[in-house]
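Okay, structure first, notes after.
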Amino acid sequence: MTIKIYNTKTRQKEVFKPLVDGKASMYVCGPTVYERAHLGNARPVLVFDMLYRLLRHEYGVENVRYVRNFTDVDDKINARAAETGRPISEITDETIGWFLDDMGALGALEPTDTPRATQYIAPMIAMIEDLIAKGHAYAAEGHVLFKVRSYKDYGKLSGRSVDDMIAGARVEVAPYKEDPMDFVLWKPSSDDLPGWDSPWGRGRPGWHIECSAMAYELLGAAFDIHGGGNDLTFPHHENEIAQSRCAGHDFANVWMHNEMLQVEGKKMSKSLGNFFTVRDLLDQGVPGEVIRFVMLSTHYRKPMDWTEKKRVEAEKTLRKWARLTLDVEASRNLHPDVLSAVSDDLNTPGAFSVLHRLAGSGQKSDLANGLIFLGFEAKDLAQFEDDATGFKFTPTIHGNENADVIQCQTDRILELWKSFRSSEEWSEADRLRTLAEENGLLLKYSKDGSYWAERGPNFDSSKLEALK
RNA sequence: GGCGAGUUGGCGGAGUGGUUACGCAGCGGAUUGCAAAUCCGUGUACAGGAGUUCGAUUCUCCUACUCGCCUCCA
């Protein structure tokens, strides 16, 4: 299947052709690890998880290398350590664990390589020395700066010119800079900050150099795809390109950028107060599969709006598909329509549309296979079906109550309702149903005789006990 | 100020130079003790203007509006 990808560098959709026949390599900018990943962090993770799955499908699991870094040296981390009095390594270790857990809950596969910046200080220093030797960087007052004017294509990726940006005048001009646009490769560390010995004294790397150095170490001078959020296009990726190209590396062939996430139509930001983490959602009982579904329901190059309404719709759809595919063996081959949608610049919304059609026409095993391909693992879906009650995914929704207790109470309520109905005590049955609904528990049954409950609005598990 | 993206039916959201997206909601029907769930059927759309074309929602230009990045947060 031909894979087409929109390349930011050329601003058009191109047929993807790996540098090495039959193998693919990708590098995606990962998080700075000092706090829980917020919902916006999850978008690139899921987008590039889908790319990774597609490439694995096309070239085989063994032939795809996926590098995603952890930035574990950064002033935000230093600040957090100073605030809390905790050692930096403790903060970064903990945050990395959280990140992998949270993203795992969204069905994201772990990359083949997850390098930490602090493990690649030596290659960074070597690269900086090389850049100085080649006249693309200079040392000044313990800093090393990249000479932006020395790279003629600077600004090409993001479509900017150095002169225009300076005219824009939002550039901080430090006294040691030869040119306002020059950016830091290395900076000095005071004794209380993390630092490494270098030819320019004890210091630490600037932000951009790590990706250039780690991509080179792990993927070589040239690799296929570099991805990240479009906020990174400038300056981060522009700077990466400048460094790597000037060091003599071809660097990435294709550049992919996902659009940003919004919440209820607005940018998610701390200042607007609509900022929340993936873990917040999971703790509120939103299943990871639902988050994944909502994220992939919008094409990655369009702004994605996280809304309560989408969350509800996603949950409904997944529940329906889970019921359909329960006990169904997935077909061995991916349905061609699903594959062609995803192969066309990761058109995951199109793939969902195909899945809807498969569900509608009763092609259950193709549906099951398609779901697995899109990252909704069979075992998770089975769990989802168990969760037709909506509770298995809400273990922490109300503090210390555990899911089993809730499940048990729900089962008892269902039993009671069932017995009222079978003995045709309609008024009692209706009274119970109304009461349950008032507390967010929707009682349902189907022709085949099965009974279940769904979580509705106003769900309050603490009131379940009273319903009996 | 600079750069970029977008404007599709009630809502969400794909796609195409001439033919059905799809989902949700709505409406009609089946089923149902009633209501859901489930099943069947069904309507509404391509921001505005100009141009290219036999023909444009789909290409070009202009206008309006929205959003994002350039700033701690992806």
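These values consider heavy atoms only, across backbone and side chains, with no hydrogens, waters or symmetry-generated copies. In what follows, chains are A, B, ... by sequence order, proteins preceding strands, each numbered from 1.
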(request) Classify the nucleic acid contact of L261(A) as base, sugar-phosphate or nothing, counting any heavy atom under 4.0 Å across all strands shown. (result) base
In whole angstroms, the gap separating P of rG4(B) from CZ of R301(A) amounts to 15 Å
task = Please work out if Y34(A) contacts a base, only the sugar-phosphate, or nothing of the nucleic acid, heavy-atom cut-off 4.0 Å.
result = sugar-phosphate
Item to check | F373(A)/H57(A) aromatic ring centres below 6.0 Å | outcome: yes
Residue pair F70(A) / T95(A), side-chain heavy-atom distance below 4.5 Å: no
- prompt: Do W186(A) and H143(A) make the cut of ring centroids closer than 6.0 angstrom?
  reply: no
note: N78(A), atom CG; rC72(B), atom P; distance rounded to Å ~ 15 Å
Next on the checklist: Taking the ring of H208(A) and the ring of H237(A), is the distance between their centroids below 6.0 Å?
Outcome noted: no
So G40(A), base contact, sugar-phosphate only, or nothing? Heavy-atom distance under 4.0 Å.
base
Quiz item: Going by an N to O cut-off under 4.0 Å, is there a salt bridge joining E308(A) and R311(A)?
Solution: yes
* Inter-nucleotide P distance (rC70(B), rG10(B)), Å rounded -> 35 Å
Pairs under 3.5 Å (N/O, protein and nucleotides 36-40 of chain B):
| residue | atom | partner | partner atom | Å |
| --- | --- | --- | --- | --- |
| rA36(B) | O2' | K444(A) | NZ | 3.4 |
| rA36(B) | N1 | Y445(A) | O | 2.4 |

(message) Distance check, C1' atoms only: rA21(B) and rC46(B), in whole angstrom units.
(response) 13 Å
Query raised in the report: If only side-chain N and O atoms of T298(A) are considered, is one of them under 4.0 Å from the OP1 or OP2 phosphate oxygen of rG13(B)?
Result: yes
Residues pairing under ring pair (Phe, Tyr, Trp, His ring centres under 6.0 Å) where one sits in residues 342-371 of chain A, two or more places apart or in two chains, turn out to be F293(A)-F352(A), W321(A)-H356(A)
Specify whether Y451(A) and W417(A) have parallel, tilted or perpendicular ring planes, treating 30° as the upper limit for parallel and 60° as the lower limit for perpendicular.
perpendicular
- [ ] Just call it for S297(A): base, sugar-phosphate, or nothing, with non-hydrogen atoms closer than 4.0 Å on any strand.
- [x] sugar-phosphate
Across the strands shown, which category fits H299(A) at heavy-atom distances under 4.0 angstrom: base, sugar-phosphate, nothing? sugar-phosphate
Separation of rC69(B) atom P from L157(A) atom CG, nearest Å, is 17 Å
Review point. Given the P atoms of rU52(B) and rU60(B), what is the spacing between them in whole Å?
Key: 15 Å
note: Y451(A), atom OH; rA35(B), atom C1'; distance rounded to Å ~ 14 Å
| Ring centers of Y151(A), F146(A) separated by less than 6.0 Å | no
Q) Any side-chain N or O of K310(A) under 4.0 Å from OP1/OP2 of rC24(B)? A) no
Check: Under 6.0 Å from the NZ atom of K187(A), do we count more than 12 heavy atoms belonging to anything else shown?
Finding: yes
Whole-Å distance, N230(A) CG to rC67(B) C1', equals 11 Å
Whole-Å distance, K309(A) NZ to rG23(B) P, equals 15 Å
### Query
When we call it a touch if two heavy atoms are under 4.0 Å apart, what does R43(A) touch: a base, just sugar-phosphate, or nothing?
nothing
Separation of rG12(B) atom P from F352(A) atom CZ, nearest Å, is 18 Å
- Do any side-chain nitrogens or oxygens of N347(A) fall under 4.0 Å of OP1 or OP2 in rG15(B)? yes
On RNA chain B, more 5' by nearest nucleotide between V354(A) and Y6(A) is Y6(A)
Nearest-nucleotide check on RNA chain B, P31(A) vs H356(A); residue mapping nearer the 5' end is H356(A)
### Query
Looking only at side-chain N and O atoms, does K302(A) come under 4.0 Å of OP1 or OP2 in rA14(B)?
yes
- What does N258(A) touch in the nucleic acid at a heavy-atom separation under 4.0 angstrom: a base, only the sugar-phosphate, or nothing? nothing
Please measure how far the C1' atom in rG6(B) lies from the corresponding atom in rG13(B), and state the result in whole Å. 14 Å
* To do: Could you measure between the two C1' atoms, the one in rG28(B) and the one in rG43(B), and give it in whole Å?
  => 11 Å
